[in-house]
**Student:** 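The structure that follows is given in the form of structure tokens.
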Amino acid sequence: MASLLYRLGRLSFRQRRYFAFAWIVVLVACAFAALNAPEAENDDFSIPGTESQQAFDLLDERFPGGNSDGAEARIVFVGPDGQKVTAGQNKAAVEKVVATVADGTQVGQVESPFDEGAVSEDGTTAYATVSYEVVSEDLTEGSKKALMDAVQEGRDLGLTVEVGGSAVEVDPELGGITELIGIGVAAIVLVITFRALVAAGLPLVTALVGLGAGICVIIATGMSTTTTTLALMLGLAVGIDYALFIVSRYRTERAEGRTAEEAVGLAVGTAGSAVVFAGATVVIALAGLSLAGVPTLTDMGLAAAGTVVVAVLVALTLLPALLGFFPRAVLPRALRARRATGQPAAAVKEPAGSRWARLVIRRPLAVLLLTVVGLGVVAVPALDLRLGLPGDEAQPTSTTQRRAYDALADGFGPGFNGPLTVVIDVKEVTDPKAAVGQAAKGLAATDGVVSISPPMYDEAGDTAVVSAVPSTGPTAAETKDLVKAIRVGADDLRADTGAAMVVTGNTAVNIDISTKLTSALVPYLAVVVGLAVVLLLIVFRSVLVPLKAALGFLLSVAASFGVIVAVFQWGWLSDQLGVAQTGPVMSMMPIFLIGVVFGLAMDYEVFLVTRIREAYVRGERPSQAIVTGFRHSARVVVAAAVIMISVFAGFIGMTDSMIKMLGVGLASAVFFDAFVVRMTLVPAVLALLGRKAWWLPRWLDRALPDMDVEGEKLTRSRTTDQAPLALAPHPDESVKA
């Protein structure tokens, strides 16, 4: 591996113009393909294999043309100062708003609250349902403006009018001012780390090239825009990190007197090998998200994995080419001055990374216990983890959707915002009407059901739909118990009548997806962690180091879940972070966070421990190898972690609650894993294990392929065969700035 990448690095350096031009062509081609790609299909969220999805499929089959996919808006009216909306003037205002909306474009049907009985018992609240002929993505700005103008008209007439529904949903932001701040922080960190503007700029340039190509490929392949969120997060972060690692190694090799071409080859051969394996662990973790069986999650994982692959290719080919254009400009100014004047290298103060490593290995057991206990305390809130899919209740109170949600809950009860759709299949039943009547009677008698609607039949009369309103909110634990109770009752109904009764609706979907993803966690962890441990076994040629890496990851991810629960369920720091409403954690968060964080955790493990192993295989004592490894890599790992945290933290400032939760979870997880686990727990464990850390049974050593990730054979061959050449000046250096 190291020798192959060494040759690739030198080839990219020598043929830098061709490689740079090739990437320009690739980027332009990807952009052209994205611009000319057909419009992405609508995001039809589905959860195959669940009862709620079976119910949706049954509705599509038995109620064709029901416009169930059309956009919908629900206009909520509240009388002023406790007045009834049925009062003469208020009623006239409501009817005027309804008539105005009905005259709008793309409107299919408008149901007046007074015709449909959509008025609260106390008469203070009413709602009108607007059905559109097209899906929400196809609504024109004119149609949306007409709806909001009608809402404003009702407000001008003295009513409190709010609106919710898919017609007024806003697509999640893919960027914002806080994300730009994150990129700015990354640039500052790079400048501080390298103390050279060109060296700081190269990782940003290569990361943006890789990100641009990856996102364009995603768009060109017809994936929905929502799949790009994770690709944006990871593509930028790992793109910078991978380039940072290689540039840092290049500068180290130049400081030791090697020519630019030789230094590029060695940097790509050694640090590039670590990048390949680090990228492979990220790809495994992301591609493994498909094991959950949720198409949306699968698309997001595969899209992000593809972006990571592009980032690795850019780091291995484009970055060496760019180093060829700026062989001296990426070096520290002091080193350039010494090389220009021929002065000997000045004495270098021991870096902070080495001092930190010496401090840790001086009291390894105490450090180990302190970090484990500390992470355990932070993880305690995770024991109260509750899962769900946040709806309008998670929107900021400044939005009309949230105010509409609150008004409906106040006027009609908390369960009104999460009705259960019960589908009764009586196709094989002798007396369909009687079976539906028995089902409706059973539903009405179920504890926790406030009301049910009259059954609505399809044209064939073999399927009925009943809407049941719970007494509790959509995310309440009691509502989850109610769904279970109805499904138990469905078994009794089938036994008595032969009718099949299934439950769906947003609330039931939330429950089903939470159950499905929870059950997928164990096999996901087994497959992904198992494959990654095997990969790390090949990288480090050790049994204990990969196991230690996996256990450290579990500690960091548990602590990050503790932070998520404390912020989004318990409300800690919710005002400071802009969390509008506490409630359940997004159902996809556990498996999503585990997949992403595992890949990133292995990044830091590979970056840090390969340097330690490199020193060990060259004859240093285990404790000294730890110090040496930290001297070379601690600064880079810290910089990479700060950059990653900055990029992820940029998403905290967005209004979408799911993306905000992702930002908090990923930023905290990277902090715990990089600074607490990799920078603290890892050296403590390696110090306690000593030489045992690198133990590998002989039979396994013979069976595993020797990838030479640390570049021992490569470095030895270059030292013995080309040492004089390595110290010769590069012919281009005299003209490079």
Side-chain angles (χ1 to χ4, degrees), residues 39 42-43 67-120 123-173 176 225 391-412 416-417 506 580 654-657:
E39 187 175 352
N42 296 327
D43 295 335
N67 198 32
S68 59
D69 292 333
E72 184 179 270
R74 180 176 283 177
I75 307 174
V76 185
F77 305 91
V78 181
D81 302 323
Q83 297 178 20
K84 296 181 182 296
V85 292
T86 53
Q89 185 177 356
N90 294 334
K91 183 176 182 180
V94 171
E95 291 177 336
K96 186 174 182 179
V97 171
V98 171
T100 301
V101 173
D103 290 337
T105 59
Q106 298 181 302
V107 175
Q109 182 180 4
V110 181
E111 298 175 355
S112 171
F114 307 114
D115 297 336
E116 299 296 326
V119 181
S120 62
T124 61
T125 308
Y127 67 90
T129 302
V130 184
S131 299
Y132 287 88
E133 297 173 341
V134 296
V135 296
S136 57
E137 290 84 356
D138 294 335
L139 278 177
T140 64
E141 290 301 320
S143 297
K144 294 179 181 180
K145 185 178 185 301
L147 173 63
M148 299 311 298
D149 288 345
V151 168
Q152 186 59 47
E153 181 181 18
R155 293 169 179 168
D156 294 340
L157 293 173
L159 298 176
T160 296
V161 187
E162 307 295 346
V163 60
S166 60
V168 291
E169 287 179 354
V170 179
D171 291 335
E173 309 152 275
T225 55
D392 285 343
E393 78 279 3
Q395 295 285 343
T397 54
S398 58
T399 63
T400 186
Q401 298 98 311
R402 169 65 184 277
R403 294 195 295 268
Y405 180 97
D406 292 341
L408 288 172
D410 292 340
F412 295 90
F416 187 81
N417 285 297
N506 288 337
M654 297 186 181
T655 57
D656 186 86
S657 60

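Each residue takes its place number in the sequence, starting with 1.
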**Student:** State, with a plain yes or no, whether a side-chain heavy atom of Val107 is found less than 4.5 Å away from one of Val130.
**Tutor:** yes
**Student:** Do you know which two heavy atoms are closest between Val101 and Ala150, and how far apart they sit?
**Tutor:** CG2-CB, 3.5 Å
**Student:** Is it true that atom CG of Asp410 has more than 12 heavy atoms of other residues, nucleotides or ligands lying nearer than 6.0 Å?
**Tutor:** yes
**Student:** Roughly how far, to the nearest 0.5 Å, is CD of Glu162 from CG of Asp406?
**Tutor:** 9.5 Å
**Student:** Got a sec, which pairs hit salt bridge (charged side-chain N to carboxylate O under 4.0 Å, His left out) with one end in residues 139-151, sequence neighbours left out?
**Tutor:** Lys145-Asp149
**Student:** Let's go through Val94 and Leu159 carefully: what are the C-alpha distance in whole Å and the side-chain angles of both, what is the deciding distance for side chain to side chain contact (heavy atoms under 4.5 Å, CB included) to 0.1 Å, and is it a yes or a no?
**Tutor:** CA-CA 8 Å; Val94 171; Leu159 298 176; 3.6 Å; yes
**Student:** Looking at side-chain heavy atoms only, is the closest gap between Val168 and Leu147 below 4.5 Å?
**Tutor:** yes
**Student:** Is there a side-chain contact between Leu139 and Val134 (heavy atoms, below 4.5 Å)?
**Tutor:** yes
**Student:** Taking atom CD of Glu111 and atom CG of Asp115, what is their separation to the nearest 0.5 Å?
**Tutor:** 9.5 Å
**Student:** So do Thr399 and Arg403 actually touch side chain to side chain, heavy atoms under 4.5 Å?
**Tutor:** no
**Student:** Between Val85 and Val119, is a side chain to side chain contact (heavy atoms under 4.5 Å, CB included) present by the stated rule, with each step listed?
**Tutor:** CA-CA 8 Å; Val85 292; Val119 181; 4.2 Å; yes
**Student:** Restricting to non-hydrogen atoms, name the atom on Phe412 and the atom on Ala126 that form the minimum distance, rounded to 0.1 Å.
**Tutor:** CZ-CA, 4.3 Å
**Student:** What are the two closest heavy atoms between Pro113 and Val98, and how far apart are they?
**Tutor:** CD-CG2, 4.2 Å
**Student:** According to side-chain contact (heavy atoms from CB on, under 4.5 Å), who are the partners of Thr124, at least two apart in sequence or on a separate chain?
**Tutor:** Ser120, Asp122
**Student:** Indicate yes or no: at least one non-hydrogen side-chain atom of Val151 is less than 4.5 angstrom from one of Val97.
**Tutor:** no
**Student:** For residues 84-93, which residue pairs qualify under side-chain hydrogen bond (donor to acceptor under 3.5 Å, both in side chains), counting only residues two or more places apart or in two chains?
**Tutor:** Gln83-Asn90
**Student:** Which residue pairs satisfy the side-chain hydrogen bond (donor to acceptor under 3.5 Å, both in side chains) criterion with at least one member in residues 95-105, sequence neighbours excluded?
**Tutor:** Thr100-Glu153, Thr105-Ser143
**Student:** In chain order, what residues pass the side-chain hydrogen bond (donor to acceptor under 3.5 Å, both in side chains) check against Thr160, with sequence neighbours excluded?
**Tutor:** none
**Student:** Taking the six-membered ring for Trp, is the centroid-to-centroid distance between Phe416 and Tyr405 below 6.0 Å?
**Tutor:** no
**Student:** Using atom types as modelled and distance alone, determine if a side-chain donor or acceptor of Gln106 lies under 3.5 Å from a backbone N or O of Thr140.
**Tutor:** yes
**Student:** Please output the side-chain donor-acceptor pairs of residues 71-81 that fall under 3.5 Å, not counting sequence neighbours, one pair per line with the distance.
**Tutor:**
none

